[in-house]
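A short write-up of the structure that comes next.
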Amino acid sequence: MSKQAKQRILSGMRPTGKLHLGHLHGVLENWKRLQDKYECFFLVADWHALTTSYERPQEIPSNKDEMVLDWLAAGIDPDRATLFVQSEVKEHAELHLMLSMITPVSWLERNPTYKEQQQHLKEKELATFGFLGYPVLQAADILLYKGHKVPVGVDQLPHIELAREITRRFNYLYKDIFSVPEALLAEVPKLPGLDGRKMSKSYGNSIFLSDPPDVVRKKISAMITDVERPRMGDPGDPENRCIAFKLHRLYLPAEQLEVIVSECKAAKRGCAACKKELAEAIIRKMDPIWQRRKALAADPGKVKAILADGANRARKVAQSTMAQVWSALWNRNAK
Ligand code: TRP
């Protein structure tokens, strides 16, 4: 099958540093599956990170390197997918500029994540032009590669909707050169953090892909279980009340889960031992990822080369799209 016959996927992540199990099960495993069926472009959205971290931009490069190590360790394959850094393909800025000409400010002000994030990140001054234009930059990311499908989480749906509106407006005003991109929502397991809230770096409740076995053991041993079961002699209710059991479900085989449920309900199993079993199961599952990560971290030249090659591949596509964009504008047929 020729490459053109495959639909394109474009997705990206802001470089926030080390990734955790939530990213692994929520995003990376999905990306990994998509590599088989689609021509994939995965971008490190460092300019997007700048919209909120412009006061500490120096942290972005190392965050970017840690994140790419995690991508590769998790099985994102640079021979099949194009992995690259947004700021290394300047066409992202060029298309962002062009699309900003046709994007009404009111569309951006209506974007729910714009207001939410300003509330959420109160300590930062986010009433900036760049932050308002965040979704325009994201639309540029997608359109440069003519992405058909955009795998994202639900939180990103308003941005994809805006990208769709901007695409339609471009096609209507100039020339129908873009297919309207579609969000691809994956079914993701809800992953609790160590304290029962959603696993998130900012909550300090995460297990990172780069955590060595002993750190995993320590973190899991401190994890919340069933708060209504203070003593081992009390019968538990793992399926409805235990936080740790949500992870057991993800990492242990069904037969073992059955044993745990019946022993816990009969007050024949303590939480400490139960969490030890969980930690060992996580460690077994993570082992190949750690091994790959360690090997890659020891060879920084290799990761650099992967990203340089990715940027070259991405740039070719991006330049060809930009040629079509400018041609559509300068040769616009009178309507
Ligand atoms: N905005 C996305 C996020 O915060 C990251 C991102 C940047 C992205 N460009 C993209 C996602 C293009 C999908 C497509 O998570």
Side-chain angles (χ1 to χ4, degrees), residues 7-20 22-24 26-28 30-31 34-35 38-54 60 63-64 67-68 70-71 76 81-96 99-100 103 108 111-118 120-121 124 126 130-167 178-186 188 198-202 310-311 314 317-318 321:
Q7 281 208 328
R8 282 215 182 119
I9 289 270
L10 180 295
S11 197
M13 264 190 222
R14 275 173 301 156
T16 49
K18 294 177 171 178
L19 302 183
H20 53 59
H23 297 113
L24 177 67
V27 184
L28 294 174
N30 188 35
W31 284 11
L34 294 168
Q35 295 180 124
Y38 296 92
E39 186 185 1
C40 292
F41 290 82
F42 297 128
L43 103 163
V44 178
D46 58 345
W47 280 341
H48 276 95
L50 206 50
T51 62
T52 51
S53 298
Y54 58 87
I60 295 175
N63 282 347
K64 175 192 90 185
M67 189 173 83
V68 172
D70 284 332
W71 285 10
I76 305 303
T82 300
L83 277 60
F84 66 103
V85 178
Q86 183 180 37
S87 65
E88 289 177 23
V89 182
K90 307 299 180 201
E91 284 72 15
H92 288 259
E94 191 180 342
L95 187 55
H96 172 249
L99 295 177
S100 75
T103 305
L108 299 172
N111 166 24
T113 55
Y114 174 64
K115 295 243 156 61
E116 262 165 41
Q117 288 281 87
Q118 280 187 334
H120 187 63
L121 303 171
K124 294 182 184 169
L126 287 182
F131 188 63
L132 180 68
Y134 187 108
V136 183
L137 184 56
Q138 190 161 343
D141 295 343
I142 300 166
L143 293 187
L144 269 182
Y145 306 95
K146 301 199 172 172
H148 301 95
K149 300 265 162 65
V150 188
V152 285
V154 276
D155 61 308
Q156 291 290 310
L157 286 181
H159 293 170
I160 306 305
E161 198 43 57
L162 264 163
R164 290 164 60 82
E165 287 180 48
I166 295 171
T167 308
F178 294 115
S179 65
V180 179
E182 281 172 38
L184 201 64
L185 279 180
V188 293
K198 177 182 167 198
M199 193 176 281
S200 160
K201 194 174 182 183
S202 56
V317 179
T321 303

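In each ligand, atom 1 is the first atom listed, and ligand 1 is the first ligand listed. Values below: all heavy atoms of this structure, side chains included; hydrogens, waters and symmetry mates excluded.
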Go through the steps to decide whether Met67 and Val44 satisfy the test side chain to side chain contact (heavy atoms under 4.5 Å, CB included), and finish with yes or no.
CA-CA 8 Å; Met67 189 173 83; Val44 178; 3.8 Å; yes

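Screening Ile160, Leu10, Leu162, Val150 for a side-chain contact (heavy atoms from CB on, under 4.5 Å) with Gln138, the sole residue that qualifies is Ile160.
Shortest contact from atom 5 (C) of ligand 1 to any protein heavy atom: Gly12 O, 3.6 Å. Among all protein heavy atoms, the one lying closest to atom 9 (N) of ligand 1 is Asp141 OD2, 2.7 Å. Regarding atom 8 (C) of ligand 1, its nearest protein heavy-atom neighbour is Gln138 NE2, 3.6 Å.
Atom OG1 in Thr82 sits 12.5 Å away from atom CD1 in Ile9 (nearest 0.5 Å).
With contacts defined as side-chain heavy-atom distances shorter than 4.5 Å, the pair Val136/Leu108 qualifies.
With a 4.0 Å heavy-atom cut-off, ligand 1 is reached by the side chain of Val152 but not by its N, CA, C or O. By the criterion of a heavy-atom distance under 4.0 Å, the side chain of Gln156, and not its backbone, is placed next to ligand 1.
In terms of N/O distances under 3.5 Å, ligand 1 is approached by Tyr134. Residue-to-ligand polar distances keep His159 apart from ligand 1: every N/O pair is separated by 3.5 Å or more.
Near Ala45, the atoms of ligand 1 lying under 4.0 angstrom from a non-hydrogen atom of the residue are 7 (C). Residue-ligand proximity, Val150 to ligand 1, at heavy-atom distances under 4.0 Å covers atoms 13 (C), 14 (C). With ligand atoms numbered from 1 in the order given, ligand 1 contributes 12 (C), 14 (C) to contacts under 4.0 Å with heavy atoms of Leu10. Here is the list of ligand 1 atoms found below 4.0 Å of a heavy atom in His48: 7 (C), 9 (N).
For His92 and Tyr145, the ring centers are positioned less than 6.0 Å apart. Ring centroid separation for the pair His159 and Tyr134 comes in under the 6.0 Å cut-off.
Of all heavy-atom pairs between Ala93 and Trp47, the closest is N-CZ3, 3.6 Å. Closest approach of Asp70 to Leu28, counting heavy atoms only: O-CD1, 4.2 Å.
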